[in-house]
Amino acid sequence: MNTVPPPRRSVAADRVLPRIQPAEFSLAPYAPSAENVQSDMGDLAGRIRNLMALQQGHATRIPLGGALFDIVVTANGIDAYTAMTRMDEIQREQDGPVMACGPVIEDRSRDCLFWLVPPGTSRTWEPHLYGVCLGSPHEVALPAIAHSEPPAPYWLRSLRGDRLVPPGPLRGLLAQHRPGPVPHEALPDLLAAASF
């Protein structure tokens, strides 16, 4: 342990401090040029409002792509639930929660699951018989954060800030467990529905 006291500077007791000048702020507005705004940030305020509404217990619509997430649409049912349980095992950290899979929304009225995957996945997702990946320019309606039971669309696996569903393992699990019917046939109806 160090017992040497720190050095001290001696200051005269009658020292006079200089006057402090008032701070000056420019009132000129800052308006960035359009080329300095990222293409997916033009609607940032709207995205923040939507996410705040979601946090406050309201369902909200979120544009896919950008910096948030894309979605993979699959059928629901026992085969899809088995794939999700396997994803729980893949994403579970030591001593972490058992339901560790990234966020998944179930819509029982349309017999489908929406898996939230990293943004940009739709650009690299190869055609897959059991899952369709959607990104920009589509939108998805997210249930309120606390909504975890049917009948309306609900979080089968909760939305957390630290994880999404990894697309590589998801592709493999869908190929292995084959949830059906395949979503491609219902996709035009899904796209025409209010969730997108």
Side-chain angles (χ1 to χ4, degrees), residues 40 47-48 50-136 138-183 186 190 195-196:
D40 63 346
R47 289 178 186 232
I48 291 172
N50 287 344
L51 291 172
M52 289 175 64
L54 187 67
Q55 194 70 23
Q56 294 166 356
H58 307 288
T60 189
R61 294 174 66 83
I62 299 287
L64 297 174
L68 297 176
F69 49 80
D70 290 349
I71 60 170
V72 172
V73 182
T74 69
N76 64 354
I78 190 69
D79 297 320
Y81 303 146
T82 303
M84 186 176 54
T85 302
R86 292 284 313 281
M87 188 63 76
D88 285 333
E89 296 167 7
I90 291 169
Q91 290 196 267
R92 185 176 185 199
E93 297 169 358
Q94 186 176 11
D95 300 324
V98 174
M99 294 193 294
C101 178
V104 180
I105 300 168
E106 182 169 25
D107 186 343
R108 289 190 179 173
S109 67
R110 292 183 282 159
D111 299 321
C112 61
L113 298 181
F114 303 104
W115 309 70
L116 277 62
V117 295
T121 301
S122 61
R123 293 192 302 269
T124 59
W125 184 268
E126 295 291 330
H128 194 290
L129 185 57
Y130 300 100
V132 176
C133 190
L134 300 173
S136 180
H138 302 289
E139 293 183 340
V140 66
L142 300 181
I145 295 269
H147 193 81
S148 59
E149 296 179 1
Y154 66 100
W155 293 103
L156 190 57
R157 291 294 183 267
S158 60
L159 176 65
R160 294 168 38 190
D162 64 342
R163 71 184 53 222
L164 292 169
V165 178
L170 177 60
R171 284 184 64 86
L173 290 172
L174 295 178
Q176 180 181 356
H177 296 287
R178 302 177 186 171
V182 297
L190 290 175
S195 291
F196 292 93

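- Atom CE in M84 sits 9.5 Å away from atom OG1 in T74 (nearest 0.5 Å).
- From C112, atom SG reaches atom CD of E106 across 8.5 Å, with rounding to the nearest 0.5 Å.
- Panel note: side chain R163, backbone Q91; a donor-acceptor pair is recorded below 3.5 Å.
- Between E149 and H147 the shortest heavy-atom distance is O-NE2, 3.1 Å.
- How far CG of L134 is from OG1 of T121: 11.5 Å, rounded to the nearest 0.5 Å.
- Residues passing the side chain to side chain contact (heavy atoms under 4.5 Å, CB included) test with S136: none are found, sequence neighbours excluded.
- P167 is listed as a side-chain neighbour of P118, based on a closest heavy-atom distance under 4.5 Å.
- Under the side chain to side chain contact (heavy atoms under 4.5 Å, CB included) criterion, R171 pairs with W125, E126, H128, not counting sequence neighbours.
- Summarising the geometry of P179 relative to D79, their closest heavy-atom pair is CA-CB, 3.7 Å, with the distance given to 0.1 Å.
- Listed for the D70 side chain is a donor-acceptor partner under 3.5 Å among the backbone atoms of G120.
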W155 and R160: CA distance, side-chain angles, deciding distance, side chain to side chain contact (heavy atoms under 4.5 Å, CB included) verdict: CA-CA 11 Å; W155 293 103; R160 294 168 38 190; over 6 Å; no
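- Checked for salt-bridge contact, R92 and E89 miss the test: no charged N lies under 4.0 Å from a carboxylate O.
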Hey, mind stepping through R157 and D88 against salt bridge (charged side-chain N to carboxylate O under 4.0 Å, His left out) and telling me if it holds? CA-CA 9 Å; R157 291 294 183 267; D88 285 333; 2.7 Å; yes
V165 and V117: CA distance, side-chain angles, deciding distance, side chain to side chain contact (heavy atoms under 4.5 Å, CB included) verdict: CA-CA 5 Å; V165 178; V117 295; 4.2 Å; yes
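- The distance from atom SG of C133 to atom CZ of R123, rounded to the nearest 0.5 Å, is 10.0 Å.
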List the steps and the verdict of side chain to side chain contact (heavy atoms under 4.5 Å, CB included) for F69 and L64. CA-CA 6 Å; F69 49 80; L64 297 174; 3.8 Å; yes
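- Between atom CH2 of residue W115 and atom CG of residue L156 there is a gap of 8.0 Å, rounded to the nearest 0.5 Å.
- Checked against L116 for a side-chain contact (heavy atoms from CB on, under 4.5 Å), the options V72, I105, V104 give a single hit: I105.
- Heavy-atom minimum distance, P181 versus A75: O-CB, 3.2 Å.
- Side-chain atoms of R108 do not come within 3.5 Å of backbone N or O of N76 as any donor-acceptor pair.
- When every heavy atom of L174 is checked against every heavy atom of G131, the shortest pair comes out as CD1-CA, 4.2 Å.
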